[in-house]
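Reviewing the structure listed below.
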Amino acid sequence: MQKQGFAEKLLLWYEENHRPLPWRDTRDPYKIWLSEIILQQTRVDQGLPYYQKFISRYPSVKKLADAPEADVLRTWQGLGYYSRARNLLKCARIIVSEYQGFFPSGYHDLLRLPGVGPYTAAAIASFAFEEPVAVLDGNVFRFTARFFGIDTDITTTQAGREFREILSELLPAKHSSRFNQALMEFGALVCTPKKPECATCVFNVPCFARQNKKQNILPVKKKAKPSTNLYFNYLAIRQGGHLWMALRDSPGIWQGLYELLLIEGEEKSIHLPTGPVMSALQPHIVRLDFDEEHLHILSHRNIHARFYTLVINDVKLLPEPLRQKGRFYTKEEVGRLPKPILIDKYLRSRFF
DNA sequence: CAGTCGTGGTA
DNA sequence: TTACCAAGACT
């Protein structure tokens with residue numbers, strides 16, 4: 001199949017079938033950047049409401065740059081991969097302070113921004129500035145691997161070089177932005193991971209995977225290593241109408257979000273957690289309840305969480321463990337804090 | 001380079 | 001139910 005014929009067929013399909021999305025027909029780098037960060041490892045259906053919220057609360061990069069991190073994380077709450085939100089804010093502040101509020105237009109300058117990797121830099125350079133660079137996301141890798149029958153593991157850097165070379169060659173001189181978006185949309189709607197729509201696919205005749213019935217083999221992707229278990233005992237400590245919460249400030253899961261008092265266990269246990277923290281709290285406990293274990297699944301962790309509700313008496317001097325990291329918050333304050341979805345769901349069922 | 005980082009949807 | 005995985009980036 002000739003290069004020009006391929007591009008023409010793809011663009012024709014795109015005009016007829018693409019989804020109308022708010023960031024699609026704009027050249028506004030702010031909107032394109034925002035949508036691309038939100039859509040990293042995230043489906044359009046899940047990301048769309050967040051995009052609307054962000055545009056509504058932060059209509060410009062300047063407004064975003066002025067926001068406190070906790071507010072940005074609260075807006076991001078529920079989307080996951082929270083480093084994206086922290087880097088989003090970092091990046092906005094750099095755009096304002098070092099670029100006078102205007103995004104750089106070149107791939108290599110964009111690549112230096114926090115949270116902007118090879119994919120996102122190419123997407124912004126292409127969609128906002130019509131730079132003729134190939135945009136390689138999961139959709140493009142999948143379609144390309146199937147169509148050309150490439151069995152290189154797409155998680156390797158070698159695959160990056162190999163696929164980039166093929167797509168750079170395929171990229172038309174004109175309408176490269178449209179071409180890139182079309183290829184991604186095609187992967188998302190037709191050449192899907194499971195049960196691709198080969199019967200109606202406009203490329204089904206020349207497609208290697210279709211010819212060789214290897215739609216389920218390609219693309220080749222290294223398997224994720226199995227999840228490990230974590231055992232979280234959360235203490236919802238209440239005093240009057242207040243609830244004790246603390247910031248997770250160390251790098252790792254849920255950095256920047258707020259949670260209840262966490263006592264991590266080594267293994268599954270039906271017993272009340274023990275240790276110095278519990279000992280310090282013990283004399284102040286007025287009431288104690290607990291409920292069944294919640295299993296919270298992350299991409300690489302299984303969190304077995306058990307929540308304990310403690311009501312403690314109104315002492316002047318807080319027990320030492322409670323003074324160190326967090327403090328008591330009112331219900332209104334708790335509602336505004338960014339929280340892991342696990343914590344948010346628990347509080348909605350038992351606290352609010 | 002391998003490990004880390006969320007959440008929700010699908011088969 | 002289990003496994004996969006979605007418009008990746010960072011360390």
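Values below: every heavy atom of this structure, side chains too, minus hydrogens, waters and symmetry copies. Please read these numbers as outputs of a predicted model, since none were measured by experiment. Throughout, a chain's letter reflects where its sequence line sits, starting with A, and its residues are numbered from 1.
Residue R301(A) places at least one side-chain N or O under 4.0 Å from the OP1 or OP2 atom of dC5(B). Phosphate contact (OP1/OP2 of dC5(C), side-chain N/O of S299(A), threshold under 4.0 Å): absent. Close to dG6(B), at under 4.0 Å from its OP1 or OP2, lies no side-chain N or O of H300(A). In this model, the phosphate group of dA9(C) is approached by a side-chain N or O of T120(A) to a distance below 4.0 Å at OP1 or OP2. Close to dG8(C), at under 4.0 Å from its OP1 or OP2, lies a side-chain N or O of Q41(A).
Separating the CD1 atom of I154(A) from the C1' atom of dC1(B) is a distance of 17 Å, rounded to the nearest angstrom. As a whole-Å value, the separation of R84(A) CZ from dG6(B) C1' is 8 Å. Between I124(A) atom CD1 and dG8(C) atom C1' there is a gap of 13 Å when expressed in whole angstrom units. The nearest whole Å value for the distance from the CD1 atom in I38(A) to the P atom in dC5(B) is 22 Å. In this structure, F143(A) atom CZ and dA6(C) atom P are separated by 16 Å, rounded to whole Å. Straight-line distance from the CD atom of Q40(A) to the P atom of dT4(B): 20 Å, rounded to whole Å. Distance OH (Y81(A)) to P (dC10(C)): 14 Å, rounded to an integer number of Å. As a whole-Å value, the separation of I303(A) CD1 from dG8(B) P is 13 Å.
Distance check on atom P: dG6(B) versus dT11(C) gives 14 Å, rounded to whole Å.
Closest of all the heavy-atom pairs between P29(A) and A128(A) is CA-CB, 4.1 Å. The two residues W244(A) and L322(A) have their closest heavy-atom pair at NE1-O, 2.9 Å.
Nucleic acid contact for Q255(A): none, since no nucleic acid atom lies under 4.0 Å from a heavy atom of the residue. Among the atoms of the strands shown, none is found under 4.0 Å from any heavy atom of L136(A). If you check every strand for non-hydrogen atoms under 4.0 Å, S35(A) touches nothing. Counting any heavy atom pair closer than 4.0 Å across all strands shown, W23(A) reaches a base atom. At the heavy-atom level, R24(A) lies under 4.0 Å from base atoms of the strands shown. No contact: I37(A) has no heavy atom under 4.0 Å from any strand. Residue R112(A) is out of contact with every strand shown, counting any heavy-atom pair closer than 4.0 Å.
Nearest-nucleotide positions on DNA chain C place T42(A) closer to the 5' end than the other of T42(A) and L113(A). Two residues, K339(A) and T156(A), neighbour DNA chain B, and the one matched to the more 5' nucleotide by heavy-atom proximity is T156(A). Nearer the 5' end of DNA chain B, as judged by each residue's closest nucleotide, is the contact made by Q158(A), out of Q158(A) and P340(A). Mapping V116(A) and K222(A) onto DNA chain C via the closest heavy atom, the residue that lands nearer the 5' end is K222(A).
Proximity of the aromatic rings of F203(A) and F186(A) is defined here by a centroid distance below 6.0 angstrom, and this criterion is met. Outside the 6.0 Å centre-distance limit, the rings of F103(A) and Y30(A) are not counted as a close aromatic pair.
A salt bridge does not link E98(A) with R93(A): none of the charged nitrogens is closer than 4.0 Å to a carboxylate oxygen.
Proximity note for Y119(A) (side chain, C-beta onward) versus dT4(B), dG8(C), dT7(B): the nearest is dG8(C). When each of dT7(B), dG3(B), dA6(C) is scored by its nearest atom to the side-chain atoms of K225(A), the top-ranked nucleotide is dG3(B). Taking the side chain of P118(A) as heavy atoms from C-beta on, and the options dG8(B), dA9(C), dG6(B), the nearest nucleotide is dA9(C). Distances from the side chain of K345(A) to the nucleotides dG8(B), dC5(C), dA9(C) place dG8(B) closest. Side-chain atoms of Y82(A) lie closest to dT7(B) of the nucleotides dC5(B), dT7(B), dG9(B).
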### Message
Set out, in order, the CA-CA distance, both residues' side-chain angles and the distance that settles side chain to side chain donor-acceptor pair (under 3.5 Å) for E293(A) and H304(A), then state yes or no.
### Response
CA-CA 6 Å; E293(A) 180 183 287; H304(A) 303 257; 3.0 Å; yes
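In this structure, Q77(A) contributes its side chain and K339(A) its backbone to a donor-acceptor pair below 3.5 Å. Counting only distance, with no hydrogens or angles, the side chain of E197(A) and the backbone of C191(A) share no donor-acceptor pair below 3.5 Å. With W13(A) contributing its side chain and N17(A) its backbone, the two residues share no donor-acceptor pair below 3.5 Å.
The cationic group of K3(A) does not satisfy the cation-pi geometry with F6(A), failing either the under 6.0 Å distance to the six-membered ring centre or the 45° limit from the ring axis. Cation-pi check for R327(A) over Y329(A) is met; the charged atom lies under 6.0 angstrom from the ring centroid and within 45 degrees of its normal.
Of the residues in residues 173-180 of chain A, not one places a heavy atom less than 4.0 Å from an atom of DNA chain C. Non-hydrogen atoms lying under 4.0 Å from DNA chain B are contributed by G252(A), I253(A), W254(A), all within residues 243-254 of chain A.
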Enumerate donor-acceptor pairs with a distance under 3.5 Å from any side-chain N or O in residues 230-242 of chain A to protein atoms, sequence neighbours excluded.
| from | atom 1 | to | atom 2 | distance (Å) |
| --- | --- | --- | --- | --- |
| N233(A) | ND2 | I263(A) | O | 3.2 |
| Y234(A) | OH | E259(A) | OE1 | 2.6 |
| Q239(A) | NE2 | N313(A) | O | 2.8 |

Distance-only criterion, 3.5 Å: show the donor-acceptor pairs between side-chain atoms of residues 205-224 of chain A and protein atoms not counting sequence neighbours.
| from | atom 1 | to | atom 2 | distance (Å) |
| --- | --- | --- | --- | --- |
| Q211(A) | NE2 | V205(A) | O | 2.9 |
| N212(A) | ND2 | F208(A) | O | 2.8 |
| K222(A) | NZ | T155(A) | OG1 | 3.1 |

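Apart from L295(A) itself, the hydrophobic cluster it occupies contains I297(A), where clustering links Ile, Leu, Val, Met, Phe, Trp and Tyr at side-chain heavy-atom distances under 4.5 Å.
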Table of protein N/O atoms under 3.5 Å from nucleotides 1-3 of chain C N/O atoms:
none

